[in-house]
Amino acid sequence: MGAPRWKRICLLLLVGLAFSVVFFGHYYSTSSPGSPRAASRLLQREALGSAQAEIPHNVRSHGLMSASLMKRGNPTKELSKGENPNHPKEKSSLCPRSLQSKAKSNPVFGKRFDFDIPVLMWKQHFNPETWDRLKERNVPYGWRGLPYAAIASTVQLLNSSANSRLFSRIGLPDNCIRCAVVGNGGILNGSRQGKEIDAHDFVFRLNGAVTKGFEEDVGTKTSFYGFTVNTMKNSLIAYAEDGFTQVPQAKDIRYIFIPSDIRDYIMLRSAVLGVPVPEGSDKRDEPHKYFGPEASSRKFKLLHPEFMYYLTERFLRSELIKTQFGHLYMPSTGAVMLLTALHTCDQVSAYGFITQNYKTFSDHYYDREKKPLVFYANHDMLLEAELWKSLHQGGIMKLYQR
């Protein structure tokens, strides 16, 4: 009887050893720090648990920008899991003369540019973590006070890969994307920059973008038109006599919504659906009047509120924030469009933007009589002028000056 019992004991020990090997093998394949699955879980925890550290406000003078601004927190750390949807082939640049390399090597701007931050908001970004974070910030940096249904119903319509990026690199020559951003400054009147502007791969225009009658100075090509609903409508009223009677329309034009108010989300939703605006201050307005009859979501882009926050904190945090109008402050439409191009294009040229000698020129290139540049309480144009000058001197972009 001794031998059979001994054999059974040995058999049980072998079975137990086999189960142990399988168990520990599975454990280490899924939980060891170096395994892909463990790394994935670690990244998820870091993304979901990253702190919402507010970047402190530093006092600034209207001199050259201080390197102390570099020490502020990194707003991109607050981005939730899955908020970089771009495929590597689309996101990365193979351009040998890309502004990215110049920016990264620049001692002032190297720590300010984050080329991985999502520029556009689309369906894949809308999740509970994003909502919980952005509902704590005011527009245009978040969704505080805005109804969940309005935001969700709009963003979820932006469900195409075309909504996740401004353009595709596929088919473009030498992998270098050249962009011109055309402001409306009076410096362009008599500039004869039209052909040079149109020679770029993509041309950004904004607000009262008059081209008819000024083709020699500002060109005719429009790839992107950027605006808030408020600036678009005000431009159609204020500059109608100057020739801005219609928003640029063409099959290939894309429209970039700057999310400054609830009306931007509501107008965008109606534009994608091809229906009149159902509510709010633009009720019964028909988006096709502005954007044409095509209602494809591919025509529309929405800037990410997190991107707006990043632009302000890293580049254009103004002392105006400390004034009685501080709650109204945001970078100008032109500044937002230029910084958008600087985060997506390989080479950027800016035309019609404020320069140090702005008093020499009229407010707009289409002004019939010379008018002084208007400084509004919700923008810091002098701070923007300093930024453009510094970026130009650093070789990161080209600023048209005369």
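Using the six-membered ring where Trp is involved, Trp131 and Trp143 have ring planes that are parallel, under 30° apart on the 30 and 60° scheme. The aromatic rings of His343 and Phe315 stand perpendicular to each other, their planes meeting at an angle above 60°, with 30° marking the opposite boundary. Between Tyr225 and Tyr255, the angle of the ring planes goes over 60°, which puts this pair in the perpendicular group of the 30/60° scheme. Using bins of under 30°, 30° to 60° and over 60° for the plane-to-plane angle, the ring pair Tyr366/His364 lands in the parallel bin.
Summarising the local packing, CZ of Arg144 is surrounded by more than 12 heavy atoms from other residues, nucleotides or ligands at distances under 6.0 Å. Other residues, nucleotides and ligands place more than 12 heavy atoms under 6.0 Å from the NZ atom of Lys135. The neighbour count for Phe375 CZ, taken as heavy atoms of other residues, nucleotides or ligands under 6.0 Å away, is above 12. Within 6.0 Å of NZ on Lys283 lie no more than 12 heavy atoms contributed by other residues, nucleotides or ligands.
Here CZ of Phe361 is found 10.0 Å from CG of Asn189. Values are rounded to the nearest 0.5 Å. The CG atom of Leu236 lies 7.0 Å from the OH atom of Tyr290; values are rounded to the nearest 0.5 Å. A distance of 9.0 Å separates CG in Asn163 from CG in Leu302, rounded to the nearest 0.5 Å. Between atom OG1 of residue Thr245 and atom CD1 of residue Ile237 there is a gap of 13.5 Å, rounded to the nearest 0.5 Å. Rounding to the nearest 0.5 Å places NZ of Lys389 at 12.0 Å from CD1 of Ile354. Rounding to the nearest 0.5 Å places CG of Leu387 at 10.5 Å from CZ of Phe353.
Checking side-chain atoms of Lys299 against main-chain N and O of Ile253 turns up a donor-acceptor pair under 3.5 Å. Judged by distance alone, the side chain of Gln246 and the main-chain N or O of Lys289 form no donor-acceptor pair under 3.5 Å. A donor-acceptor pair is defined here as one N or O able to donate and one able to accept, closer than 3.5 Å; such a pair exists between the side chain of Asn357 and the backbone of Arg402. A donor-acceptor pair under 3.5 Å is formed between the side chain of Asp217 and the backbone N or O of Arg192. Panel note: side chain Ser362, backbone Lys371; a donor-acceptor pair is recorded below 3.5 Å. With Gln401 contributing its side chain and Thr355 its backbone, the two residues share no donor-acceptor pair below 3.5 Å. A donor-acceptor pair under 3.5 Å is absent between the side-chain atoms of Arg205 and the main chain of Val182, judged by distance alone. A distance-only check finds a donor-acceptor pair linking the side chain of His304 to the backbone of Glu306 [under 3.5 Å]. One N or O on the side chain of Lys221 and one on the backbone of His200 form a donor-acceptor pair closer than 3.5 Å. Remark: side-chain polar atoms of Asp346 are paired, donor with acceptor, to backbone N or O of Ile177 under 3.5 angstrom.
Looking only at side-chain heavy atoms (C-beta outward), Tyr365 and Asp242 stay at 4.5 Å or farther from each other. Within the 4.5 Å cutoff, no side-chain heavy atoms of Pro140 are placed close to those of Thr312. Counting only heavy atoms from C-beta outward, the side chains of Val139 and Pro259 never approach each other to under 4.5 Å. In this structure, the side chains of Leu134 and Tyr309 stay at 4.5 Å or more apart for every pair of heavy atoms. Under the 4.5 Å side-chain criterion, counting only non-hydrogen atoms from C-beta, Ile256 is not in contact with Val336.
If you check the side chains of Asn207 and Tyr239, you find no donor sitting under 3.5 Å from an acceptor. In this model, no donor atom of one side chain and acceptor atom of the other lie less than 3.5 Å apart for Ser318 and Tyr329. Looking at Asn234 and Thr231, their side chains never bring a donor and an acceptor atom within 3.5 Å of each other. If you check the side chains of Glu286 and His288, you find a donor sitting under 3.5 Å from an acceptor. Between the side chains of Glu196 and Tyr351, at least one donor-acceptor pair of N or O atoms lies under 3.5 Å. Gln124 and Ser164 form no side-chain donor-acceptor contact under 3.5 Å, judged by distance and modelled atom types alone.
Phe291 has its ring centre less than 6.0 Å from the ring centre of Phe227.
Looking at every heavy atom in both residues, Phe224 comes nearest to Leu166 through CZ-O, 3.4 Å. For the pair Pro118 and His125, the tightest heavy-atom approach, listed with the atom from each and the gap, is CB-CE1, 3.5 Å. Of all the heavy atoms in Tyr265 and Pro305, the pair that sits closest is OH-CG, 3.8 Å. Minimum heavy-atom separation, Gln356 to Ala385: NE2-O, 3.9 Å. The minimum heavy-atom distance linking Ala377 with Leu320 is given by the pair O-CD1, 3.8 Å. Cys345 and Leu99 make their closest contact through O-CD2, 3.6 Å (heavy atoms, listed as atom of the first residue, atom of the second, distance).
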(request) Carefully, step by step, assess Lys370 and Asp367 under the rule salt bridge (charged side-chain N to carboxylate O under 4.0 Å, His left out). (result) CA-CA 6 Å; Lys370 184 177 179 181; Asp367 291 334; over 6 Å; no
(request) Mind running side chain to side chain contact (heavy atoms under 4.5 Å, CB included) on Leu268 and Leu158 for me, showing each step along the way? (result) CA-CA 10 Å; Leu268 174 55; Leu158 304 176; 4.1 Å; yes
(request) Take Phe325 and Tyr376 through the ring pair (Phe, Tyr, Trp, His ring centres under 6.0 Å) test and state the conclusion after the steps. (result) CA-CA 10 Å; Phe325 302 106; Tyr376 295 98; over 10 Å; no
(message) Evaluate Val203 against Ile197 for side chain to side chain contact (heavy atoms under 4.5 Å, CB included), listing each step before the verdict.
(response) CA-CA 7 Å; Val203 177; Ile197 289 171; 4.0 Å; yes
(request) Would you check, one step at a time, whether the test side chain to side chain contact (heavy atoms under 4.5 Å, CB included) holds for His327 with Asn138? (result) CA-CA 9 Å; His327 64 289; Asn138 292 326; 5.9 Å; no
(request) List the steps, then state whether side chain to side chain contact (heavy atoms under 4.5 Å, CB included) holds for Phe109 with Lys102. (result) CA-CA 9 Å; Phe109 291 103; Lys102 294 180 180 179; over 6 Å; no
(message) Show, in sequence, the C-alpha distance, side-chain angles and deciding distance for Arg368 and Glu241, and conclude whether the salt bridge (charged side-chain N to carboxylate O under 4.0 Å, His left out) test is met.
(response) CA-CA 10 Å; Arg368 299 182 181 183; Glu241 292 184 357; 5.3 Å; no
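Test Asp261, Asp282, Asp264 against Lys233 for salt bridge (Lys or Arg N to Asp or Glu O under 4.0 Å) and you get one pass: Asp282. The salt bridge (Lys or Arg N to Asp or Glu O under 4.0 Å) with Glu279 is formed by just one residue from the set Arg263, Arg269, Arg284; it is Arg269.
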